[in-house]
There are 2 protein chains.
Amino acid sequence: MTAPSRQPTAVTSHRTPPVHTHPGEVPLETALLALADPVRQTLVRELAGAGDWERSCGSFDVPVTKATLSRHFAVLREAGLLEQRDAGPKRLNRLRRAEFDERFPGLLDLVLRHGG
Amino acid sequence: MTAPSRQPTAVTSHRTPPVHTHPGEVPLETALLALADPVRQTLVRELAGAGDWERSCGSFDVPVTKATLSRHFAVLREAGLLEQRDAGPKRLNRLRRAEFDERFPGLLDLVLRHGG
DNA sequence: CTGAGTGTACGCAGATCATCGAACACCCTG
DNA sequence: CAGGGTGTTCGATGATCTGCGTACACTCAG
């Protein structure tokens with residue numbers, strides 16, 4: 001049967017579920033580097049000001065193209081700061097506040113306070 | 001003999017007193033970037049484990065040459081983390097713990113705890 | 001003065017990072 | 001199926017950072 005013939009496209013799709021890293025496994029260096037970038041700081045602050053799963057990736061006001069934005073989200077995921085979930089064509093976001101805070105107490109608050 | 005004739009050498013000397021930045025004027029981004037580097041983390045931890053003005057620049061156990069080490073110290077100074085004072089041929093160091101802590105509460109402790 | 005010890009400045013190589021445009025995959029609606 | 005909307009990946013570019021060797025300035029001890 002040759003089967004459903006869903007030819008492997010050799011290209012990772014948008015629908016590949018996002019790869020997450022738990023804050024508990026994140027090195028301090030990774031966390032600091034992730035939070036040092038101004039664009040990512042903005043993302044984190046806007047995330048903190050909204051409820052879980054409220055904001056989609058394209059809903060953030062940052063002066064970069066969507067390609068760059070996508071990279072920033074990946075960095076935040078790898079730093080254990082962000083959780084993402086697919087909802088239709090959109091990808092919804094949640095700040096992993098409690099989990100990250102347990103791992104690096106005070107760090108997230110520091111970023112939220114400065115420049116807020 | 002016409003004077004000692006100390007010709008201006010046009011090259012900044014070692015003895016130029018170190019340029020310091022007060023923690024109160026340091027942007028969060030600068031602080032995070034300074035503390036993200038593994039070598040600088042080691043320096044900060046060793047500094048924290050010693051008394052003020054106890055350690056000279058060359059007394060740190062890090063796997064870099066002294067030229068690179070000198071650069072790292074400059075970064076720490078610009079981040080408001082380090083104060084330096086000349087004592088004879090040596091340059092003594094002090095971690096600006098209280099001042100930095102007032103500006104970024106908890107950040108330094110985070111670095112000292114992780115990997116200590 | 002000479003020499004050893006200490007630390008900085010400069011210039012270069014290599015690595016990493018942020019950014020972009022373009023191409024692509026996916027979802028939903030019509 | 002066609003098309004608009006959403007988000008990812010790829011490749012290239014420019015900037016920044018770390019690292020090193022070298023040269024140099026300074027201090028102190030002989």
Side-chain angles (χ1 to χ4, degrees), chain A residues 4 6-20 27 29-30 32-43 53-60 62-79 82-93, chain B residues 1 4-20 27 29-30 32-43 53-60 62-79 82-93:
Chain A
R6 242 273 158 272
Q7 285 278 112
T9 49
V11 174
T12 313
S13 150
H14 170 191
R15 290 301 120 179
T16 298
V19 178
H20 290 108
E29 183 181 341
T30 302
L32 293 177
L33 287 176
L35 289 172
D37 184 272
V39 173
R40 289 191 288 266
Q41 286 183 11
T42 300
L43 297 180
W53 314 122
E54 265 189 22
R55 309 280 307 258
S56 67
C57 292
S59 74
F60 292 85
V62 286
V64 293
T65 64
K66 57 179 185 171
T68 302
L69 187 56
S70 183
R71 264 193 170 292
H72 282 301
F73 280 124
V75 172
L76 289 177
R77 279 199 314 265
E78 286 170 29
L82 185 69
E83 190 176 4
Q84 291 184 316
R85 195 170 77 75
D86 287 339
K90 302 196 175 183
R91 184 159 277 187
L92 301 181
N93 300 280
Chain B
M1 4 192 135
S5 80
R6 245 264 153 279
Q7 288 277 114
T9 50
V11 174
T12 312
S13 148
H14 170 190
R15 288 303 119 177
T16 298
V19 179
H20 290 107
E29 182 180 341
T30 302
L32 293 177
L33 287 176
L35 289 172
D37 184 272
V39 172
R40 288 191 290 264
Q41 286 183 12
T42 299
L43 297 179
W53 314 122
E54 266 189 23
R55 309 280 308 258
S56 68
C57 291
S59 74
F60 292 83
V62 285
V64 293
T65 65
K66 59 177 185 172
T68 302
L69 187 56
S70 184
R71 265 196 171 297
H72 281 301
F73 280 124
V75 172
L76 289 177
R77 276 197 317 264
E78 286 171 28
L82 186 68
E83 191 176 4
Q84 290 184 316
R85 193 170 76 76
D86 287 339
K90 302 197 175 183
R91 184 159 278 188
L92 301 181
N93 301 280

Round to a whole Å and report the spacing from [atom1] of [X] to [atom2] of [N].
{"X": "B:Phe73", "N": "C:dT8", "atom1": "CZ", "atom2": "C1'", "result": "13 Å"}
{"X": "B:Leu76", "N": "C:dG7", "atom1": "CG", "atom2": "P", "result": "15 Å"}
{"X": "B:Leu69", "N": "C:dG7", "atom1": "CG", "atom2": "C1'", "result": "9 Å"}
{"X": "B:Glu78", "N": "D:dT16", "atom1": "CD", "atom2": "P", "result": "14 Å"}
{"X": "B:Lys66", "N": "C:dT8", "atom1": "NZ", "atom2": "C1'", "result": "9 Å"}
{"X": "A:Arg85", "N": "C:dC27", "atom1": "CZ", "atom2": "C1'", "result": "15 Å"}
{"X": "B:Glu29", "N": "C:dA18", "atom1": "CD", "atom2": "P", "result": "10 Å"}
{"X": "B:Phe60", "N": "C:dG7", "atom1": "CZ", "atom2": "C1'", "result": "13 Å"}

For [X] and [N], is the shortest distance between a side-chain N/O and OP1 or OP2 below 4.0 Å?
{"X": "B:Thr68", "N": "D:dG19", "value": "no"}
{"X": "B:Arg91", "N": "D:dT27", "value": "no"}
{"X": "B:His72", "N": "D:dC17", "value": "no"}
{"X": "A:Arg71", "N": "D:dT9", "value": "no"}
{"X": "A:Thr65", "N": "C:dT19", "value": "no"}

Handout entry: Minimal non-hydrogen separation, A:Leu32 against B:Gln41, with atom names
Key =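 Residues A:Leu32 and B:Gln41, closest heavy atoms: CD1-NE2, 4.1 Å.
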Handout entry: Where A:Thr16 and A:Arg91 come nearest, the two heavy atoms and their spacing
Key =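 Smallest heavy-atom distance, with atoms named: O-NH2, 3.2 Å.
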Could you work out which one of [options] sits closest to the side chain of [X]?
{"X": "A:Cys57", "options": "D:dG7, C:dA18, D:dC28", "result": "D:dG7"}
{"X": "A:Val39", "options": "C:dT8, C:dT19, C:dC27", "result": "C:dT19"}
{"X": "B:Pro89", "options": "C:dG21, D:dC28, C:dA9", "result": "D:dC28"}

Handout entry: Step-by-step side chain to side chain contact (heavy atoms under 4.5 Å, CB included) determination, B:Thr42 to B:Val39
Key = CA-CA 5 Å; B:Thr42 299; B:Val39 172; 5.7 Å; no
Handout entry: Minimum side-chain heavy-atom gap B:Phe73-B:Leu82 below 4.5 Å
Key = yes
Handout entry: Positive for side-chain hydrogen bond (donor to acceptor under 3.5 Å, both in side chains) with A:Asn93, one of A:Glu54, A:Arg77, A:Gln84, A:Arg55
Key =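 Of A:Glu54, A:Arg77, A:Gln84, A:Arg55, side-chain hydrogen bond (donor to acceptor under 3.5 Å, both in side chains) with A:Asn93 is met by A:Gln84 alone.
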Fill in the blank from the handout: Heavy-atom nearest nucleotide on DNA chain C taken for B:Arg77 and for A:Pro63; more 5' hit belongs to B:Arg77
Practice task
With DNA chain D as reference, determine whether B:Asp37 or A:Gln84 sits nearer its 5' end, using the nearest nucleotide of each.
Solution key: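 On the 5' side of the pair lies A:Gln84.
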